[in-house]
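All of these numbers come straight from a predicted model, not from anything done at the bench.
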Amino acid sequence: MRLLTVPGRKTGRPYTTPVAPVLIDGTHYLVQAYPNADWVKNVRAAGYGTLTRGRQIEWVNLVEVPQAERGPILREFPVQNPRGVGAFVRNGLVASESPEGFAAAAPRCPMFRVIPKD
């Protein structure tokens with residue numbers, strides 16, 4: 001788990017939410033179980049933020065992943081973050097807890113590629 005902090009799209013005030021990144025081939029991805037969540041809207045507006053784990057703070061750019069690329073990444077979510085699967089199922093975003101169920105939900109799942117700032 002990490003804490004994602006992004007500026008609010010209206011106020012510019014920083015907002016923080018817990019996230020569980022998926023790691024594939026050295027790249028982290030953030031996936032959201034609630035497509036209309038405020039942090040998703042804020043990330044779309046700002047395009048950057050910080051990821052914090054303990055005392056380590058990393059400034060990152062956040063780039064929305066095109067729907068066509070989301071399926072293979074979503075297959076990894078239930079494998080890497082089994083505790084987060086329930087939220088996706090409860091809100092009807094995915095039909096099943098299987099990797100295939102997650103891949104099928106690609107058009108409905110907001111996803112952002114995490115790019116560390118230099």
Trainee: Centres of the Phe88 and Phe102 rings: under 6.0 Å?
Mentor: yes
Trainee: Is the shortest side-chain heavy-atom distance between Pro110 and Pro35 below 4.5 Å?
Mentor: yes
Trainee: Is any side-chain heavy atom of His28 less than 4.5 Å from a side-chain heavy atom of Arg2?
Mentor: yes
Trainee: To the closest 0.5 Å, what do you measure between CD (Glu76) and CG (Leu23)?
Mentor: 9.5 Å
Trainee: For Pro7 and Ala46, which heavy atoms make the closest approach, and how far apart are they?
Mentor: CG-CB, 3.7 Å
Trainee: Look at Arg53 together with Glu58 and state whether they make a salt bridge at an N to O cut-off of under 4.0 Å.
Mentor: no
Trainee: Minimum heavy-atom separation for Ser96 to Gly101, with atom names?
Mentor: OG-CA, 3.7 Å
Trainee: Would you say the side chain of Val19 lies within less than 4.5 Å of the side chain of Leu3, judging by non-hydrogen atoms?
Mentor: no
Trainee: Is there a side-chain contact between Thr52 and Thr50 (heavy atoms, below 4.5 Å)?
Mentor: yes
Trainee: If you round to the nearest 0.5 Å, how far is CG of Leu51 from CG of Leu30?
Mentor: 6.0 Å
Trainee: For a quick test of reading the model, state the closest non-hydrogen atom pair linking Val79 to Pro99 and the distance between them.
Mentor: CG2-CG, 4.5 Å
Trainee: Quickly, which of Thr11, Val6, Thr17 forms a side-chain contact (heavy atoms from CB on, under 4.5 Å) with Asn42? Name it, please.
Mentor: Val6
Trainee: Among the clusters formed by ILVMFWY side chains lying less than 4.5 Å apart, do Val114 and Val43 turn up in the same one?
Mentor: yes
Trainee: I need the Arg70 CZ to Arg113 CZ distance, nearest 0.5 Å.
Mentor: 10.5 Å
Trainee: Between Pro78 and Glu97, is any pair of side-chain heavy atoms under 4.5 Å apart?
Mentor: no
Trainee: Quick check: is Leu93 connected to Val22 through a chain of hydrophobic side chains (ILVMFWY, heavy atoms under 4.5 Å apart)?
Mentor: yes
Trainee: Does the side chain of Val40 come within less than 4.5 Å of Phe112's, by heavy atoms?
Mentor: yes
Trainee: Does atom NZ of Lys117 have more than 12 heavy-atom neighbours from other groups under 6.0 Å away?
Mentor: yes
Trainee: Please determine whether residues Ile24 and Leu74 belong to a single hydrophobic cluster, defined as Ile, Leu, Val, Met, Phe, Trp and Tyr linked transitively by side-chain heavy-atom distances below 4.5 Å.
Mentor: yes
Trainee: Would you compute the distance between atom CZ of Arg108 and atom CD of Gln67 and round it to the nearest 0.5 angstrom?
Mentor: 10.0 Å
Trainee: Which distance, rounded to the nearest 0.5 Å, do you find between the CZ of Phe77 and the CE of Met111?
Mentor: 9.5 Å
Trainee: I would like to know whether Leu62 and Leu4 meet side-chain contact (heavy atoms from CB on, under 4.5 Å); could you show each step before the answer?
Mentor: CA-CA 11 Å; Leu62 299 159; Leu4 171 67; 3.9 Å; yes
Trainee: Side-chain contact test, heavy atoms from C-beta onward, threshold under 4.5 Å: evaluate it for Tyr15 versus Trp39 and give yes or no.
Mentor: no
